[in-house]
Amino acid sequence: MKKIITYGSFDLFHEGHYKILQRAKALGDYLIVGVTTEHFDRKRGKLNLVDPIMTRIENVRATGFADEIIVEDHDGQKIEDIQRYGIDTFVLGSDWVGKFDYLKKYCNVVYLDRTPNISSTIIRNDRLKLIKLGIVGTGRIAKRFFAETKFVSGIEAVAAYNPETVSLENFSSAFSVMSFSNEYEDFLDVVDAVYVASPNETHAEYVRKALVAGKHVLCEKPMTFTYDEAVELYSLAKNNKVVLMEGIRAAYLPGFQQLLSVAKDGTIGEICDVEACFTRLGDPQSREMSDARYGGAFMEYGSYTMLPIFKLFGTEYEDVQIDSILGETGIDRFTKVQFRYKNGLATSKTGAGVKSEGQLVISGTKGYILAKSPWWLIREFDVRYEQADRIDHYEAGFIGVDGFRYEIAEFLGKINGTSGIDYKLTAEESVAMAKVVEKFMNIRRKQQGF
Ligand code: CTP
């Protein structure tokens, strides 16, 4: 019996998929089709799958060509499958010519011509309206963000807004987008969604106006400085039926999702303590190092350190203690926030102009998780136990720069209704962060003597 194997995502099943399965089957007697998981596809850079895996499998099954369907979920699996199933011929479309020649050691490798003018990407783009994105603020972070929008299909940055014209002109000529420096409403008119990356103290107002105008919003952290305002903005988004998402990038990374799952699945027993640290020795002239009202360690990095705490222990803490050491400019140079939960403790440590080990440690009754710096751009972590030589190592890399791609894909998925319910960063968690920020600001103001 001649066995054939082929692989694919088979998203939004189309004629090209049907024909390749038909031709693959005709090459032998028994066809095995590997359908990729969402997780594996994300790792490979496909961030916009529409159909869930069960639908994709059912669509392959419905063709009647597959004798067996398997799931592909990890690198190196093709070699394993070929050996395990005794495959004679590996088949893939001509878009992959050469890419799988390394499998020739194990079986025949055949690339079949692709069906012209059709692909999942084309259907996705036709089916879902292209989202026109506007960027508010044109500084360092906006530039890095803009470059990454190019890698997520279905969204295009078309306009930038900044009342400061020099920065705006530099940005819009470098990236060929429309520029707006006066009327924010005119800018909102030409977009469907906005990414707010302006100075911290201007976030909330830009967000509010965009939501009122019916635009979807992705806002850099911290979105607001008060609990009331955070509640107001999320309910405004809900009433206007638009997406509001706080841009805490770590929340959307595949490795962070995996870390949370491992932490919660009992591997380390009951979680007793979470300690998250983020410090940076930045440029003393920078806004975060010099702006005594809206800069400083906790404002800049506290959203990151609070994230694993709220994800693991929830937002209902019994008590929170905040203490800071101020620098010469009046900013908090180092801030320690301690949360007390019914059955757990948590600490957030942030530094701007102080350096420490930027790690995330989750301690449990059977072991602990250690994610080393930069855990907010997580690629790997360890689970360690009483026996020092027993270490389970997890790797979950990501593609692109600084995790923006996953955040943008999540934002787009929410706009299109394809990314499921909110769980990576909920409105409730974002609101709880604003509550801590509010308390922090009150304490810091007193300390500063304002
Ligand atoms: N395929 C094909 N003809 C097409 C599209 C895809 O023969 N017009 C083949 C691919 O070469 C591959 C298989 O179908 O062997 C599954 O491809 P998949 O990546 O799932 O589909 P695409 O439409 O190429 O998806 P995307 O646009 O997301 O890359």
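All values derive from a computational prediction rather than experimental measurement. Counting starts at 1 for both ligands and their atoms, following the listed order.
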Q | Residue pair Asp51, Arg56: steps toward the salt bridge (charged side-chain N to carboxylate O under 4.0 Å, His left out) verdict | A | CA-CA 6 Å; Asp51 290 336; Arg56 294 183 286 117; over 6 Å; no
If you measure every N or O of [X] against every N or O of ligand 1, does any of those distances drop under 3.5 Å?
X	result
Leu92	no
Gly8	no
Ser94	no
His14	yes
Thr6	no

Q. Can a salt bridge be assigned to the pair Arg23 and Asp113 using a cut-off of 4.0 Å between side-chain N and carboxylate O?
A.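 Salt bridge flag = no for Asp113 with Arg23.
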Atom indices of ligand 1, in the order listed, that fall short of 4.0 Å to a heavy atom of [X]:
X	answer
Ser9	20 (O)
Ser119	23 (O), 27 (O)
Asp95	10 (C), 11 (O)
Ser120	21 (O), 22 (P), 23 (O), 25 (O), 26 (P), 27 (O), 28 (O)
Gly93	11 (O), 15 (O)
Phe10	16 (C), 20 (O)
Arg124	28 (O)

**Q.** Option nearest atom 4 (C) of ligand 1 (shortest heavy-atom distance, choices Asn117, Val97, Thr36, Ile118)
**A.**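 Looking at heavy atoms only, the winner is Ile118.
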Q) Which one of Asp11, Ile20, Asn125 has a non-hydrogen atom at the shortest distance from atom 14 (O) of ligand 1? A)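 Comparing heavy atoms across Asp11, Ile20, Asn125, the nearest one to atom 14 (O) of ligand 1 lies in Ile20.
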Would [X] and [Y] count as a cation-pi pair here, with the cationic atom under 6.0 angstrom from the ring centre and within 45° of the axis?
X	Y	answer
Arg249	Phe404	yes
Arg379	Phe398	yes
Lys3	Tyr85	no

Would you say the side-chain atoms of [X] and [Y] include a donor-acceptor pair closer than 3.5 Å?
X	Y	answer
Tyr341	Glu316	no
Asp392	Tyr385	yes
Asp265	Thr267	yes

Q) Okay, side chain of Lys221, backbone of Glu300: is any donor-acceptor separation there less than 3.5 Å? A)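 Yes: the side chain of Lys221 pairs with the backbone of Glu300.
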